[in-house]
Trainee: 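The structure under discussion is supplied below as structure tokens; questions concerning it will follow.
We count residues from 1, following the sequence as given. Hydrogens, waters and symmetry mates are skipped; everything else that's a heavy atom, side chains included, is used. Each ligand, and each atom within it, is numbered from 1 in the order the structure gives. All figures in this text were calculated on a predicted structure; none of them were measured in a lab.
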Amino acid sequence: MAKRYEKKARHLVVVLGDQLNDEASAFDGFDQKSDAVLMMEVAEEATYVPQHRMRLALFFSAMRHFRHELETKGRRVHYAELEDQHNRGNFADELQRWAHKTRPEKLIITKPGDYRVEQKICKAAKSLDCKLEVRADRHFLCDLEEFRTYAEARKSLLLEGFYRQMRRSRGILITGNGPAGGQWNYDKDNRKGFGPDGPGHIKAPRSFSHDDVTSAAIDTVTRCFPDNPGRLDFFDYPVTRDQAHAALRDFIENRLARFGTYQDAMATGHPYLYHSRLSCVLNLHLLDPRDAIDAAVDAYEEGAAPLNSVEGFVRQILGWREFIRGIYWLKMPRYAELNALNADLPMPAFMWTGETEMNCVRQSVGQLIDHAYAHHIQRLMVLGLFAMLLGVRPYDVHRWHMSMYADAIDWVSLPNVLGMSQYGDGGIVGSKPYAASGSYINRMGDYCDGCRYNSKAAIGDDACPFTTLYWDFLSRHRQQIRSNRRMGFQLRNLDRKDDTEIRAIGKRADKLRADMSARSYL
Ligand code: FAD
Ligand code: DLZ
Ligand code: SF4
């Protein structure tokens, strides 16, 4: 029988699945004798979108390992496993159950990474009539007040300005008064493809075998979510702090040096190339972003990695990651509703199954099914691009993203997907729509070699759907994007096409839209 009461807790520190660090602010002043920790596996978080089974196993395994880390340090942890018969399946009811058992004077939590979850916890605490303290999240280098002050002082918010300010104020890759090496940005060195010989041998990210805890988490997922998308066979993510540091070392030693040069390249059968695969451990807070930045800068100073790679990596973590999070909290909750291009189609079912003749989409989704991972250019310039060109509702693209990627948390997925990749925010995160035809994909990888479509053709039976939809996208949104100077080149090329060709493209695009949006999984 379940115990009606547990030992009373002065403070009950609530730790969510992506807050796995006991140096987080919620632990400040933690008293081993009188305080306790509460962690809840809840069905609601696993089902509000049907999620990839590898993503679920990752969260449950990492949470259960963190529970052991805390207990080893002598902290009292109340932990609700998903299959506990008394588990009520959602944060509000579980909080009520545990607050009743432990009768805390106060609940303490680090600010959640999801607006929806924060609202739920606040509402639950109110209805319990229990004090709740939400503390700032120190995992990030830029706190939300600093970001708001920065944003309010500017007419337009661009990554570049924010990133330079972060470099300067934190003294990262700064020599004297300016950037190390004399340039802030090495993007022009960082767009190489692999050419006809392909990428050659690249050491894959370090693989982590299953211990009993991971095996049990995988069993839970297998039992509870047999029909969810995604495979579990290749699960090898780091799930503890030590493993996160081992994964960081492995990246620094084996892939950082070429990270920059090939960061935009794609190659069949190479899911990771020179990427770090650190997003999951960063987002679960098993790895501190300062440690990742320091390790890369040390490699540069020791001559082990060139500046274009180290600056590129630092830009992703100190720049993009912080910027994206700042935008999320600055703009929520309205941000989620934005749909600047009035896109209204559902996400096609093949984005979950990979069952399409478009080789680039089939390969990228196949990789998602196997690893719950795609690298940045696959996300932005294959899968995201396709959804934007087709005209899928931006929030639906985000929901799909949350369901298929192991590293997706609302704060990071929403601005990247709705903003950067779909231009749903009308230019808050990026300054123009990332629109491109099949020719871009052909230039940056080898997918087109194995495809039945012709990347150059916009009409005809073998026309590449990206290319058809690209011209149709420019044509449909011509008026809206004309004022954007950065779209000038693309629109001038569109203007060169005669009306007959534009009409034929439009007709084929209508057919693609009708065929592809007829079935959706969500
Ligand atoms: P690397 O290429 O090795 O980059 C290093 C680190 O930089 C990443 O681990 C990540 O922490 C950070 N980073 C790089 N770009 C971004 C960015 N735009 N925003 C935030 N952090 C960044 N990242 C997520 O962590 N979760 C998401 O849900 C997510 N959704 C995305 C959706 C779209 C449409 C796009 C275009 C990007 C998204 N990103 C997301 C950013 C980026 O693509 C992933 O962080 C990266 O691919 C993860 O692989 P990696 O760890 O090998 O990254
Ligand atoms: C993604 C996820 C999943 C699948 N399961 C849980 C869970 O059972 N318990 C939990 O605390 N968090 C989970 N998460 C993460 C949440 O969906 C959400 O991203 C975070 O609570 C935001 O801080
Ligand atoms: Fe993708 Fe078009 Fe290339 Fe086929 S031809 S792989 S659909 S870009």
Side-chain angles (χ1 to χ4, degrees), residues 14-19 39-48 51 55-56 58-60 63 80 82 91 110-114 116-118 121 159 205 251 255-256 259 263 272-284 289 292 312-313 315-317 319-325 356-363 373-384 386-387 397-398 401-402 405-422 429 434 437-442 445-457 462-467:
V14 178
V15 174
L16 299 171
D18 61 342
Q19 301 181 329
M39 299 181 71
M40 301 163 279
E41 291 177 10
V42 290
E44 183 182 36
E45 291 307 300
T47 53
Y48 75 101
Q51 289 168 49
R55 168 179 164 82
L56 298 176
L58 172 71
F59 271 87
F60 298 153
M63 286 174 72
L82 193 81
F91 284 138
T110 304
K111 187 175 180 64
D114 184 327
R116 171 188 58 88
V117 172
E118 185 176 38
I121 304 260
L159 178 271
F251 166 67
R255 295 187 305 286
L256 172 66
F259 170 86
Q263 69 182 20
Y272 305 110
L273 295 166
Y274 291 101
H275 293 274
S276 67
R277 198 178 73 152
L278 290 172
S279 51
C280 289
V281 281
L282 283 164
N283 296 349
L284 294 175
F313 184 70
R315 169 181 294 267
Q316 306 308 327
I317 295 188
W320 278 113
R321 191 167 184 268
E322 299 284 331
F323 184 69
I324 286 288
R325 186 213 180 216
T356 166
E357 290 185 299
M358 293 180 287
N359 192 37
C360 54
V361 175
R362 190 170 66 238
Q363 297 293 339
Y373 174 92
H375 64 69
H376 190 72
I377 289 300
Q378 292 172 311
R379 297 185 202 213
L380 186 64
M381 299 310 286
V382 177
L383 300 171
F386 185 75
V397 186
H398 163 62
H401 196 275
M402 293 294 292
Y405 289 78
D407 64 13
I409 313 281
D410 211 59
W411 68 265
V412 58
S413 175
L414 188 67
N416 270 306
V417 175
L418 184 145
M420 188 188 309
S421 90
Q422 302 303 297
V429 168
Y434 279 97
S437 71
S439 301
Y440 174 87
I441 294 172
N442 189 28
D446 60 358
Y447 295 138
C448 301
D449 302 343
C451 186
R452 92 150 184 87
Y453 296 114
N454 171 0
S455 64
K456 292 195 184 64
D462 68 343
C464 164
F466 279 81
T467 304

Trainee: Between Val15 and ligand 2, is there a nitrogen or oxygen pair with a distance under 3.5 Å?
Mentor: no
Trainee: Could you tell me, atom by atom, which parts of ligand 2 come under 4.0 Å of a heavy atom of Gly17?
Mentor: 10 (C), 11 (O), 12 (N)
Trainee: Applying a 4.0 Å heavy-atom criterion (strictly less than), which segment of Phe251 is in contact with ligand 1: side chain, backbone, both, or neither?
Mentor: neither
Trainee: Just jot down the ligand 2 atoms closer than 4.0 angstrom to any heavy atom of Leu56, in number order.
Mentor: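 That gives atoms 4 (C) of ligand 2.
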Trainee: Check Asp407 against ligand 1 and report side chain, backbone, both or neither, counting heavy atoms closer than 4.0 Å.
Mentor: both
Trainee: Considering the heavy atoms of Ala408, write down every atom of ligand 1 situated less than 4.0 Å from one of them.
Mentor: 28 (O)
Trainee: Is the distance from atom 2 (Fe) of ligand 3 to some N, O or S atom of Cys464 under 2.8 Å?
Mentor: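 Checking atom 2 (Fe) of ligand 3 against Cys464, an N, O or S atom does fall under 2.8 Å.
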Trainee: So for ligand 2, is Pro112 a polar contact partner (N or O within less than 3.5 Å, distance only)?
Mentor: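 In this structure, Pro112 places no N or O atom under 3.5 Å from an N or O of ligand 2.
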Trainee: With a heavy-atom distance limit of 4.0 Å, tell me whether Phe313 approaches ligand 1 through its side chain, its backbone, both, or neither.
Mentor: side chain
Trainee: Of the side chain and backbone of Ser421, name the one, both, or neither that has a heavy atom under 4.0 Å from an atom of ligand 1.
Mentor: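 The part of Ser421 near ligand 1 is the side chain, not the backbone.
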Trainee: Are any of the heavy atoms in Cys280 under 4.0 Å away from ligand 1?
Mentor: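 The answer is no, since Cys280 has no heavy atom less than 4.0 Å from ligand 1.
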Trainee: Report yes or no: does a heavy atom of Tyr272 sit under 4.0 Å from some atom of ligand 1?
Mentor: no
Trainee: Does Met39 approach ligand 2 within less than 4.0 angstrom via side chain, backbone, both or neither, non-hydrogen atoms only?
Mentor: neither
Trainee: Any atoms of ligand 2 less than 4.0 Å from a non-hydrogen atom of Met40? List them with their elements.
Mentor: 7 (C), 8 (O), 9 (N), 10 (C), 11 (O)
Trainee: Counting backbone and side chain alike, does Cys360 bring an N/O/S atom below 2.8 Å of atom 3 (Fe) of ligand 3?
Mentor: no
Trainee: Give the intermediate values and the outcome of side-chain contact (heavy atoms from CB on, under 4.5 Å) for residues Val117 and Asp410.
Mentor: CA-CA 10 Å; Val117 172; Asp410 211 59; over 6 Å; no
Trainee: Just distances here: any N/O of Gln19 and N/O of ligand 2 closer than 3.5 Å?
Mentor: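 The answer is no, given that Gln19 and ligand 2 share no N or O pair closer than 3.5 Å.
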Trainee: Students should be able to answer this: which protein heavy-atom is nearest to atom 4 (Fe) of ligand 3, and at what distance?
Mentor: Cys451 SG, 2.3 Å
Trainee: How far is atom 5 (S) of ligand 3 from the closest protein heavy atom, and which atom is that?
Mentor: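 Ranked first by proximity to atom 5 (S) of ligand 3 is Tyr453 O, 3.5 Å.
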Trainee: I'd like to know if Tyr373 contacts ligand 1, where contact means a heavy-atom distance under 4.0 Å to any ligand atom.
Mentor: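 Yes, that is the case, since the closest heavy atom of the residue is under 4.0 Å from the ligand.
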Trainee: Using a 4.0 Å cutoff against the non-hydrogen atoms of Arg55, which atoms of ligand 2 qualify?
Mentor: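 Numbered from 1, ligand 2 contributes 1 (C).
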Trainee: Taking only heavy atoms of Ile409, which atoms of ligand 2 are found under 4.0 Å from at least one of them?
Mentor: 19 (O)
Trainee: Answer with yes or no whether Met63 contacts ligand 2, where contact means a heavy atom under 4.0 Å from a ligand atom.
Mentor: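 Under 4.0 Å: yes for Met63.
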Trainee: For ligand 1, note which part of Asn416 has a heavy atom under 4.0 Å away: side chain, backbone, both or neither.
Mentor: both
Trainee: Under 4.0 Å from ligand 1, counting heavy atoms only, is it the side chain of Leu383, its backbone, both or neither?
Mentor: neither
